[in-house]
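Sending over a structure as structure tokens; questions will come in a sec.
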There are 2 protein chains.
Amino acid sequence: MRNTGVTAQVVNAHACPVREVLDRVSGKWSVQILVAAAHGPIRFTELERSIEGISRRMLTLTLRNLERDGLVTRTVHPTVPPKVEYELTPVARELHETLLRLTDWAERNRVYIAQARADYDAERDPESESESEPT
Amino acid sequence: MRNTGVTAQVVNAHACPVREVLDRVSGKWSVQILVAAAHGPIRFTELERSIEGISRRMLTLTLRNLERDGLVTRTVHPTVPPKVEYELTPVARELHETLLRLTDWAERNRVYIAQARADYDAERDPESESESEPT
DNA sequence: CAGCATCCGCTTTGATACTG
DNA sequence: CAGTATCAAAGCGGATGCTG
């Protein structure tokens with residue numbers, strides 16, 4: 001995320017932006033957060049619970065990065081029990097749309113990929129799969 | 001890449017496929033390779049040189065994963081100096097198309113994001129930027 | 001409730017050297 | 001040419017404990 005360094009810049013102009021996106025989205029939780037927040041303003045704890053596997057630390061860190069990149073807005077309500085809401089920015093909503101295309105691709109080819117993996121693994125380690133017929 | 005574990009599955013059905021894609025593409029070099037190979041069959045060394053920052057090890061590993069997922073085909077030409085060519089599968093080409101959308105998003109909003117970052121950083125560390133006016 | 005700081009470990013990556 | 005094997009370094013993520 002933070003530092004791709006020189007390596008990313010040697011590739012064509014095609015790849016650079018791709019890397020940019022990826023670096024911004026490749027975080028283990030970034031996308032989940034984006035998805036969770038896509039429905040509208042959401043509180044810290046809400047996020048924490050809807051993603052669940054995430055730790056507080058990661059939620060905070062990722063949120064910060066997202067905020068830094070102008071993808072989410074952070075609104076603090078100075079109430080007695082603190083209340084902070086996060087919301088996607090228009091730019092992030094666009095990204096979310098794009099992410100949906102990827103989702104679509106994943107869904108359409110999920111079986112293909114699973115199969116490819118199975119085949120590949122079966123050939124490399126036939127021992128663990130007695131029911132297949134390599135030859 | 002290989003193991004997202006339980007954490008990925010607790011999120012909605014929306015996010016799962018996203019994670020799948022991400023896990024498959026989030027590798028530091030996966031996308032570059034996909035892009036580099038999108039032009040047609042390409043040899044190992046060609047890839048190594050066109051991506052440049054990549055190490056042999058990483059190129060091999062990433063290529064293997066891509067192959068395992070059925071995203072690239074590996075063709076070995078049994079010639080005296082070994083010749084191996086990699087090519088995207090139709091499925092990978094589709095992914096590549098989708099990646100292009102992301103690229104597009106990145107290009108369209110690159111400035112916005114850079115600005116957002118600058119602003120954010122300026123507010124957190126005004127010291128290093130004397131020319132801005134925090135207040 | 002929301003968030004930060006610290007420590008700690010696993011995974012990923014890189015450097016280097018060797019082989020069919 | 002196209003890998004593979006090994007080793008060490010780095011980054012990322014998790015657990016825990018402490019605040020406003």
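All heavy atoms count here, side chains included; hydrogens, waters and symmetry mates do not. Every chain is numbered from 1 and lettered A, B, ... according to where its sequence line falls, protein lines coming before strand lines.
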Below 3.5 Å is the cut-off: list the nitrogen or oxygen pairs between protein and nucleotides 18-20 of chain D, distance only.
none

* Asked: Between B/Arg110 and B/Glu107, is there a side-chain N and carboxylate O pair less than 4.0 Å apart?
  ->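 Between B/Glu107 and B/Arg110 there is no salt bridge, as every charged N stays at least 4.0 Å from the carboxylate O atoms.
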In whole Å, what is the span from the CD atom of A/Glu48 to the P atom of C/dC1?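 These atoms are roughly 9 Å apart.
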Starting at CZ of A/Arg24 and ending at P of D/dC12, how long is that distance when rounded to a whole Å?
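That distance rounds to 14 Å.
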Residue B/Met58, side-chain heavy atoms: nucleotide from C/dT13, C/dG3, D/dG14 that is nearest: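 Ranking C/dT13, C/dG3, D/dG14 by closest atom to the B/Met58 side chain puts C/dT13 first.
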Exercise for review: Find out whether A/Leu61 and A/Trp29 are in side-chain contact, i.e. whether some heavy atom of one side chain is under 4.5 Å from a heavy atom of the other.
Suggested key: no
*Taking atom P of C/dT13 as reference, at what distance in whole Å does atom CG of B/Leu61 sit?*
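Interatomic distance, CG of B/Leu61 to P of C/dT13: 9 Å.
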Check: Would you say a side-chain N or O of A/Ser55 is under 4.0 Å from OP1 or OP2 of D/dG13?
Finding: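 Checking A/Ser55 against D/dG13: no side-chain N or O falls below 4.0 Å of OP1 or OP2.
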Open item on the list: Please enumerate all residues that pass side-chain hydrogen bond (donor to acceptor under 3.5 Å, both in side chains) together with A/Gln115, with sequence neighbours excluded.
Closed with: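 For A/Gln115, the residues satisfying side-chain hydrogen bond (donor to acceptor under 3.5 Å, both in side chains) (neighbours in sequence not counted) are A/Asp119.
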Atom CG of A/Leu63 and atom C1' of D/dG13 are separated, to the nearest Å, by 16 Å
In whole angstroms, the gap separating C1' of C/dT16 from CG of B/Leu59 amounts to 17 Å
May I have the distance from A/Asn65 (atom CG) to C/dG3 (atom P), rounded to whole angstrom?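 Going from CG in A/Asn65 over to P in C/dG3 covers 14 Å.
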Report task. Verify the contact: side-chain N or O of B/Lys28 to OP1 or OP2 of D/dG11, cut-off strictly under 4.0 Å; return yes or no. Result ->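 No, because none of the side-chain N or O atoms of B/Lys28 sits under 4.0 Å from OP1 or OP2 of D/dG11.
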| request: Can you see which heavy atom on B/Ile42 is nearest to which on B/Ala36, and at what distance? | output: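 Result for this residue pair: CD1-O, 3.9 Å.
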- Measure the spacing between OH of B/Tyr86 and CG of B/Leu63 and express it to the nearest 0.5 Å.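 Spacing of OH (B/Tyr86) from CG (B/Leu63) equals 4.0 Å.
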Atom CD1 of A/Ile33 and atom C1' of C/dG3 are separated, to the nearest Å, by 14 Å
Original post:
If you look at every strand shown and take non-hydrogen atoms under 4.0 Å, does B/Thr60 touch a base, only sugar-phosphate, or nothing?
Top reply: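 Answer is base: heavy atoms of B/Thr60 come under 4.0 Å of a base.
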Original post:
Of all the nucleotides listed (D/dG3, D/dG14, D/dA2), which has the minimum atom distance to the side chain of B/Arg64?
Top reply: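 Given the options D/dG3, D/dG14, D/dA2, the side chain of B/Arg64 is closest to D/dG3.
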Fill in: Residue of the set B/Leu34, B/Thr73, B/Ile33 for which side chain to side chain contact (heavy atoms under 4.5 Å, CB included) holds with B/Leu88
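Testing B/Leu88 for a side chain to side chain contact (heavy atoms under 4.5 Å, CB included) against B/Leu34, B/Thr73, B/Ile33 leaves exactly one candidate, B/Leu34.
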Review point. Under a 4.0 Å N-O cut-off, is there an ion pair linking A/Glu94 with B/Arg108?
Key: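 Yes, charged N to carboxylate O under 4.0 Å.
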Sorted by position of nearest nucleotide on DNA chain C, 5' first, the leading residue of A/Arg57 and A/Tyr86 is A/Tyr86
Gap between atoms NE2 and C1', on B/His77 and C/dG20 respectively (whole Å):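 After rounding, the reported distance stands at 18 Å.
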